[in-house]
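One structure is given here, and the rest of the page talks about it.
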Amino acid sequence: MVSLSQVDTVTVLGAGSMGHGIAEVSAIAGYDVVLRDIEDEYVQNGYDQLEWSVKKLAEKGQLSDSPEEILARVETTTDLEAAVSGADIVIEAAPENLGLKRDIFSEVEAFASDETIIATNTSSLRVSDIAAEVALPRRCCGLHFFNPPVKMDLVEVVYGEKTTEDVAETAYEFAESLDKTPIYVQKDVPEFVVNNVLTPFMEEAGWMLDDGTATVESVDATMVYERGYPMGPCELNDFGGLDILAHTRDQWDRPIPESIRDRVEADKLGRKTGAGFYDYDDGPGVDYGPEDLAGVDSLRIEARMINAAAKLVGDGVATPEDIDIGMRLGGGLPEGTCRTADKIGLDAVLEKLESLYSETGADRYAPADYLVELVEDGNTGEAAGQGFYDYSGDGPYFYLDHEIDDRGVLSVTLDRQERLNAFNDDMFAEVERLMTTADVDDVRCVVFEGAGGKAFSSGADVTAFTTTDPISMMDIDQTMVAVAEFERPTIAKIDGYCFGAGLELSLACDFRVASDGSSFASPEIDLGLIPGGGGTQRLVRTVGEPLAKEMIFRGTHLSASEAETADLLNEAVPEDELDDTIESYVSDFVRGPPTALKVAKRIIDKGQDVDLESGLSLEKQGFSLLITTDDMVEGVTAFREDREPEFTGE
Ligand code: NAD
């Protein structure tokens, strides 16, 4: 079967909402693309949308190739044989109909090479059912993109019953090559991972409306304002279409709450028909707020989501890590469901399910074996040191990628791309944990950056403000102090938005270098707040009072060149020079004398807070300490011998 290096041509069957988007991201990534539909008009329509979207992305400066180059890679046709005979990967994005998809797979097989991977973008059918009639089902898999493919980062890579490892791996690497984040769905379960966990969120709210324990407004307000979800379950149902939920439930013989069924029968399908749970045409639309909070049992909803996640893990469908990435990127949740479960406590979750199960006898509350096992083994979550995740030792990092290279450069990436790397509680805690537990002796310098190329960090996650314990939000400065006091040079490598807590993190670093498209702001005042991570103090010391007050009182944004002029930045450079510029700093620091750098950092930082005399005395102490070090002897000797010194920190 083809490996990724052999993939040149991608054929997309179906030029509708999903097909044209999948074709677009493939062409942007450099593949030759054939887009096929059954009528000229349909394929042209899909191409027109693709063209429009590529030009829009180019206008926003988000493409590295010109629109002409990208569009030249896309061919359209209605001829199936011409479309698939030269394809390395075929992705079917035709309407959600099992018979149709089965036929398409068989037709593709007749014309495509035996090496071609045949993938389906189905969202609710099983891959194995679609591939049931092909001769080589091992080359079939699911590549489930989310809508719209250009914006949504997640792709579920689904194993059919007969899919071989090499096929799934190539599909996974292909998704990565499109700059997407793939997760594996290792068994062919209906609804894959994200919809399996998200459906109970939308559906359980319906059961609560049925039994009168919540209203549309109170359940939505609870999940948003108390639990931090981006939309309430009724709002989300309206957004996606109540018919879609009902159809999928029917398809797999799962019961549907009356509150949903009745609306579907009355053609109140949500936004698309002008009314659903909320009235969009004749009423105010989505209409709830914190005043609607009324003691709704949010655990009932979350327990069902967690149970679905536990079933997926226990059945070997997905790992907790993949489920959580899926729920963040595909489900839009502020944190993964397994992580939420470990915070809540799995014993509380199990207890809730058991009591609902014994009250109602409904299968949907039957606890997953894996959940029962975890609780019986005492692995009840973070407080117990083990739940879905292992919290012992160094513990997991959910939002930081970090690695140290053989030169001692600790690279730290803030990775919460779906929220432009906005800080939540965990991310603050993880930066602090890393800075306080990293072995300074192994590190020569630290580089912080943001994942995804759009933001260093867009600040603290505002959606968490109403749900987070105010005490923990008051501890933000400890994170920044841990960075500021780290005993090695620290560099903020900024590419994109650097706002709020992101700006504060950069201010806690010793150096700030940014790409010329980056922007800077301290917008907390718009939320009725002030910076809480040392921003008022470090900003004024860096740019002076007039500009610090301008930024903090008025939320003024600075471009990279303005930030450079104001000495907020050491340098602003063109984006394609950012890596080399950072490297020039890093290479000085990895060669530099660690102890002298540490002492210089401490004296400069502490010296700013004391009068000149005390500062000079600090300097004197530092100097007399350094004069006794091996590094000093090495530095002087190397100077005499006209060679590069080799400092050891001794
Ligand atoms: P759509 O109706 O917008 O597009 C389907 C296209 O397929 C149409 O243009 C149709 O003419 C074409 N088509 C029909 N028969 C064909 C054939 N034999 N060969 C090639 N093309 C054919 O549908 P969509 O929303 O793009 O969904 C396509 C698939 O993607 C479905 O399986 C759906 O479940 C899945 N999906 C949809 C979404 C979504 O939000 N729309 C998200 C993820 C996955």
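Counting starts at 1 for both ligands and their atoms, following the listed order.
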Modelled atom types, side-chain donor and acceptor of [X] and [Y], under 3.5 Å:
X	Y	answer
E169	Y184	no
T340	E302	no
D153	T181	no
E69	S66	yes

Legend entry - Residue pair E191, T199: steps toward the side chain to side chain donor-acceptor pair (under 3.5 Å) verdict: CA-CA 9 Å; E191 300 191 284; T199 305; 3.2 Å; yes
Legend entry - Stepwise side chain to side chain contact (heavy atoms under 4.5 Å, CB included) check, T120 with L143: CA-CA 6 Å; T120 172; L143 265 175; over 6 Å; no
Should you measure from each heavy atom of [X], which atoms of ligand 1 turn up under 4.0 Å away?
X	value
T122	32 (O)
G16	3 (O), 4 (O), 6 (C), 9 (O), 26 (O)
Y42	11 (O)

Identity and separation of the nearest protein heavy atom to [atom]:
atom	value
atom 19 (N) of ligand 1	R36 NH1, 3.1 Å
atom 23 (O) of ligand 1	S17 N, 4.7 Å
atom 31 (C) of ligand 1	A94 O, 3.3 Å
atom 2 (O) of ligand 1	P95 CG, 4.6 Å
atom 8 (C) of ligand 1	D37 OD2, 3.5 Å
atom 35 (C) of ligand 1	N121 O, 3.3 Å
atom 36 (N) of ligand 1	S123 OG, 3.5 Å
atom 16 (C) of ligand 1	I38 CG2, 3.7 Å

Select one of side chain, backbone, both or neither to describe which atoms of [X] lie under 4.0 Å from any atom of ligand 1, heavy atoms only.
X	result
K101	side chain
I104	side chain
F146	neither

Inset, instruction - Mind jotting down which residue pairs meet the ring pair (Phe, Tyr, Trp, His ring centres under 6.0 Å) criterion with at least one end in residues 237-258? Sequence neighbours excluded, please. - result: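 Checked against ring pair (Phe, Tyr, Trp, His ring centres under 6.0 Å) - neighbours excluded - no pair reaches residues 237-258.
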Legend entry - Shortest reach to atom 32 (O) of ligand 1 by a heavy atom, considering only E41, E156, E96, H144: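 When every heavy atom of E41, E156, E96, H144 is considered, E96 comes closest to atom 32 (O) of ligand 1.
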Inset, instruction - From atom 5 (C) of ligand 1, work out which of A15, G46, A93 has a heavy atom at the shortest distance. - result: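 Nearest option to atom 5 (C) of ligand 1, by heavy atoms: A93.
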Inset, instruction - Please confirm whether M18 comes within less than 3.5 Å of ligand 1 when only nitrogen or oxygen atoms on both sides are compared. - result: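 Yes: some nitrogen or oxygen of M18 is under 3.5 Å from one in ligand 1.
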Inset, instruction - Determine, counting only non-hydrogen atoms of the protein, whether one lies under 4.0 angstrom from atom 21 (N) of ligand 1. - result: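 So far as the 4.0 Å threshold goes, atom 21 (N) of ligand 1 is in reach of a protein heavy atom.
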Legend entry - Aromatic plane relationship, Y225 with Y288 - under 30° parallel, 30 to 60° tilted, over 60° perpendicular: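 Geometry flag for Y225 against Y288: perpendicular rings.
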Inset, instruction - Kindly state whether the ring of F398 and the ring of Y389 have centres lying under 6.0 angstrom apart. - result: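 Between Y389 and F398, which both carry aromatic rings, the centre distance is below 6.0 Å.
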Inset, instruction - Verify whether the ring centers belonging to F456 and Y497 lie closer than 6.0 Å. - result: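 Distance test on ring centres: not under 6.0 Å, no.
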Legend entry - Sidechain N-carboxylate O distance under 4.0 Å for D415, R328: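 No salt bridge links D415 with R328.
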